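What you see is a predicted model, and the numbers here were worked out from it, not measured in a lab.
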Amino acid sequence: MSRMPARIEIDVTERAEAEGARRATGDAALSVERAPRDPDPEVPAKARRRRFPAAYRLRILKQADACKKAGDVGALLRREGLYSSLLTNWRRQRDQGALVSMHARKRGPTGRPIDPRVKQLEAENARLQRKLQRADTIITLQKKVAEILGIPLRPLDTDETD
């Protein structure tokens, strides 16, 4: 004789809740609506890279160099929230003289220096444009005066068309 397992009856609502909990997709009636979570005020919206001015770097290096007992440098780094690799890099920069001459610089590509000849040619081009504008104004005025006085003008050659 084989034994048949006893059948367990589950309430329909309990079954629907269990299925909704197990499956990521399902009927809209089975899904549980959740309120959207508010962003954690402790976490910034976008992580930003910290920047350390040269004066701050030099001050930290001075404090690190003044540490005599074992663990003082570690305590300094923990207090300031820094890594030991930063100290190594900053010491290297200080030894190369980069920190002394460091100042706030604009980020991005550096501008290309303009050749003085280019500036000279641009100025000459602007001067000639103004001169051409004056000549065109004078020619237009002469044409109007000739028209008023009834003086016939010779037509331009084919090479000198406007």
Side-chain angles (χ1 to χ4, degrees), residues 23-162:
R23 295 189 307 181
T25 60
D27 295 337
L30 298 178
S31 65
V32 178
E33 287 195 34
R34 294 183 182 176
R37 290 187 175 185
D38 293 330
D40 188 5
E42 298 293 324
V43 179
K46 181 179 178 188
R48 294 180 61 194
R49 181 178 289 243
R50 294 189 300 173
R51 296 182 186 174
F52 304 103
Y56 175 79
R57 294 178 188 190
L58 290 172
R59 182 174 54 85
I60 295 296
L61 286 175
K62 191 174 185 179
Q63 290 176 5
D65 292 340
C67 293
K68 300 293 181 196
K69 291 190 277 180
D72 284 350
V73 175
L76 170 70
L77 292 175
R78 281 191 299 275
R79 183 181 72 225
E80 297 292 331
L82 301 173
Y83 293 102
S84 60
S85 61
L86 285 175
L87 278 182
T88 306
N89 291 339
W90 293 351
R91 283 184 178 128
R92 188 176 303 125
Q93 290 172 353
R94 179 186 61 188
D95 295 343
Q96 293 174 354
L99 285 182
V100 176
S101 64
M102 190 176 189
H103 55 75
R105 292 185 292 168
K106 183 179 176 186
R107 294 185 60 162
T110 57
R112 293 183 181 154
I114 298 176
D115 187 18
R117 176 128 171 87
V118 172
K119 287 185 178 180
Q120 177 188 5
L121 290 173
E122 286 176 350
E124 184 179 356
N125 189 8
R127 182 184 59 81
L128 291 174
Q129 289 288 338
R130 288 191 305 270
K131 192 173 181 180
L132 177 64
Q133 183 65 34
R134 279 189 226 122
D136 282 344
T137 305
I138 291 171
I139 291 171
T140 305
L141 180 66
Q142 288 175 343
K143 285 180 183 178
K144 289 181 181 178
V145 168
E147 185 180 331
I148 291 172
L149 295 176
I151 302 172
L153 296 175
R154 288 183 290 159
L156 295 173
D157 294 338
T158 57
D159 293 339
E160 299 178 14
T161 58
D162 284 326

(request) Keeping to residues at least two apart or across chains, list the side chain to side chain donor-acceptor pair (under 3.5 Å) pairs with something in residues 75-89. (result) Tyr56-Glu80, Gln63-Arg79, Asn89-Arg92
(request) Please report the C-alpha distance between Leu82 and Leu87 in whole Å, then the side-chain angles of each, then the deciding distance to 0.1 Å, and finally whether the side chain to side chain contact (heavy atoms under 4.5 Å, CB included) criterion is met. (result) CA-CA 8 Å; Leu82 301 173; Leu87 278 182; 5.7 Å; no
(request) Please name all residues satisfying side chain to side chain contact (heavy atoms under 4.5 Å, CB included) with Ile138, sequence neighbours left out, ordered by chain then number. (result) Gln142
(message) Tell me every residue that passes salt bridge (Lys or Arg N to Asp or Glu O under 4.0 Å) with Asp65, counting only those two or more places apart in sequence or in another chain.
(response) Arg91, Arg94
(message) I need the minimum non-hydrogen distance between Thr140 and Asp136, along with the two atoms involved.
(response) OG1-O, 2.8 Å
Can you list, pair by pair, the side-chain donor-acceptor contacts under 3.5 Å of residues 119-133, counting residues two or more places apart and other chains?
none

(message) Show the nearest heavy-atom pair for residues Leu61 and Trp90, with the distance to one decimal.
(response) CD1-O, 3.6 Å
(message) So, taking the atom named CG in Leu86 and the one named CZ in Phe52, what distance separates them when rounded to the nearest 0.5 Å?
(response) 5.5 Å
(request) Considering non-hydrogen atoms only, spot the tightest contact between Ala64 and Val73 and give its length. (result) O-CG2, 4.0 Å
